Structures are given as C-alpha cells and as structure tokens.
Amino acid sequence: MAPQRRGAPKAHEGSGAAERRRPSSMKSVRAPREVWRKWPRATVLGACATLAALLLWGSLGGDDGVTEVLAHRSEVLPGRFIEVPCSEDYDNHRRFEGCSPTKCGRGVTDAVITRDEALRIRSIAEKGLSLGGSDGGASILDLHSGALSVGKHFVNLYRYFGDKIENIFSEEDFQLYRDVRQKVQLAIAQAFGISASLLYLTKPTFFSRINSTEARTAHDEYWHAHVDKVTYGSFDYTSLLYLSDYLDDFGGGRFVFMEEGANKTVEPRAGRVSFFTSGSENLHRVEKVHWGTRYAVTIAFSCNPDHGIADPAFT
C-alpha cells in the first residue's frame, strides 16, 4: 500500500532557496525536476523557523548566557512545569474558549514517551532522511506534507519516490507516529488544564536531524532565537520529542528558553518531551551542534480547527 498524500504540496521546477544536506546514493534524488522552490509557504516558514533564523531578536548564535539547566540529561523527570505570564501575542488571533492559552508556561517530562518508543520513532526519521538530507547539516522530514530536504532544496517524498515508499516505511511506523503524537497531546492538555479534544495538530510538524556541517543557506541556521506564535500564527502549543542523547550522541544542541539574565536550558535525552505555550513568553533557540547528530520531532497544536491537519497514514 502507498502512503496517503495528505496535504502534499505541489512541486516547483528549478532550484530555490530551500534546504538541505547531501543527497543519498539513489540516482533519482539528483534530478532537480521534482525539487520544490517552496514547501507550502506556511510549512517552509514553519520548519525553517524552528530550525532556522527568522524574525525578532536578531541572531544569538553563541552558547553564552545559559545560566540555569531546567532539565539535565542525567535526570529522569516525571514532570517539571514552570508557569510564566502570558504574552499579548494571542490577542492578535482569534481566541477559543477553553483552549487558547490563559495559563502559560513550559514543561519537561520523561514519563510520556519511553526510550524504546523514541528509538523506534528515530528509526522512522533515519529511514526517511536516508533518501536525502541537507547540504547544510539541518535536515527536515515532514510525513504530513511529504517535504524532504535534499541538498539545498525540498522534494515531495511521496511524489518523488512514489511506490518505493512502501519499501521504506510500514503501516506500523505510521501507527507508532500517531500513537506518540496522541500521548504528547494528552500530556500538553493535562499540563495546561484543557481538553485534549480541543487541540488540533497543526503544521509544520516534522522530524529534524542536525549535525555540525557548515550552513549552506539561511535556512540551515537553526540556532537563532524566535517566537513560534509570531512565526507561525497557527501555533498555540509547541512540543519537541527528543530522539537522541545530549553528550552521548551529540555535543551542543541544547534547547534554550531566552530570559534576560537567566536563560533556562533543556538537555535532550531520548524520550524526553519539552513543551510550552507558543507566544513571546517562550522566546527560544537551539544551540549549535558541535559534533554528532541530534534527532528530534517538533509537534505543534492549534486551538483553531481551521488550522488542523490530519495524521499521515498508509491507505
């Protein structure tokens, strides 16, 4: 069976300023005709901004200023939550009673996703990204739209590789992806005291693979600070599921909440979920990866059903 092409964007011919890493040895990856100049605009801006520099506060590429570790890699946290005052960002968007953030903050938990689940999810990313990868070291795989980094561009995974996809992924892969997403959704709802049924998965939701390769395009510069609600208006709640271990699999690459004089950092470990309200109260960035490879999944939710997307699925 072939995977369902939900929301897969149309391909553009030619080269463009998209992303990414060294193509695989598959001959078809080299052909530029299926390369997109743009992931659908919301998705490009989305993935590139969480992995790239956009908007606000300039570039903060150094690793200075981190003064407090919110979650050490050696800790196994049942849950840690810090409430912070909500920003005004949400006032510029339609509000949804019982869902739009009135309680804002950030949390970290190691009790939602097991390490085994995280490693199995990572294998999905590895299989998909083996078909391509960014030239600049920051690669994207979006199972929803099909966007995949290849060199400095994107291709539509489902169109470009067609029926070969069924030899790469399985129904079990997609079911695991859906199960993990649901667990993360429930954890966010519980932490913020809202109904999980009011949260809608939104784009861009994607895998990221980051290594120390020098950036080739602006989109490879994932280390700049940004605000998700400003960058992608659909985001109300953001989460990251880490799929590799800080200092074991990679160096650098910690997640940093930006606060004047008191930045807070999260050290990734496989299975750890970091989540937060998406407004300016949680300005954030990722440190540069100095060695090794960092895997994660960004999973975002909106309170607006118009911004909802379906889970990817085999049909």
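The shown structure was predicted, so the numbers you read here are calculated from the model rather than taken from an experiment.
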So which heavy atom on H307 is nearest to which on T202, and how close? O-OG1, 2.8 Å
Is the CD atom of Q190 crowded by more than 12 outside heavy atoms at less than 6.0 Å? no
So, applying ring pair (Phe, Tyr, Trp, His ring centres under 6.0 Å) with F276, which one of F235, F192, Y237, F257 is it? F257
Strictly by modelled atom types, are E126 and S130 linked by a side-chain donor-acceptor pair under 3.5 Å? no
Salt bridge (charged side-chain N to carboxylate O under 4.0 Å, His left out) for R73 and D248? Distances and angles first, verdict last. CA-CA 10 Å; R73 72 172 186 126; D248 287 337; 3.3 Å; yes
Would R106 and E259 count as a salt bridge (charged side-chain N to carboxylate O under 4.0 Å, His left out) here? Give the steps. CA-CA 13 Å; R106 58 195 68 149; E259 295 183 5; 2.4 Å; yes
Under a 3.5 Å threshold, yes or no: a donor from one side chain and an acceptor from the other, between S278 and D236? no
Is there a donor-acceptor contact under 3.5 Å linking the side chains of Q182 and R178? no
Who passes side chain to side chain donor-acceptor pair (under 3.5 Å) against S197, sequence neighbours left out? S195
Have H72 and Y246 got a donor and an acceptor in their side chains that come within less than 3.5 Å? no
Looking at N211 and T293, would you say the former's side chain and the latter's main chain have a donor-acceptor pair under 3.5 Å? no
As a quick check of understanding, evaluate salt bridge (charged side-chain N to carboxylate O under 4.0 Å, His left out) for E75 and R80, giving each step before the final call. CA-CA 11 Å; E75 296 180 280; R80 180 169 292 165; 3.1 Å; yes
Working for side chain to side chain contact (heavy atoms under 4.5 Å, CB included), residues R294 and L243: CA-CA 8 Å; R294 179 189 190 270; L243 307 177; over 6 Å; no
Looking only at side-chain N and O atoms, does D228 offer a donor or acceptor that is under 3.5 Å from a partner on T231? no
Minimum heavy-atom distance A118-I113, with the two atoms named: N-CG2, 4.1 Å
Name all residues meeting the side-chain contact (heavy atoms from CB on, under 4.5 Å) criterion together with L186; count only those two or more places apart in sequence or in a different chain, and write none if there are none. A196
Under 3.5 Å, is there a donor-acceptor pair between the N304 and S302 side chains? no
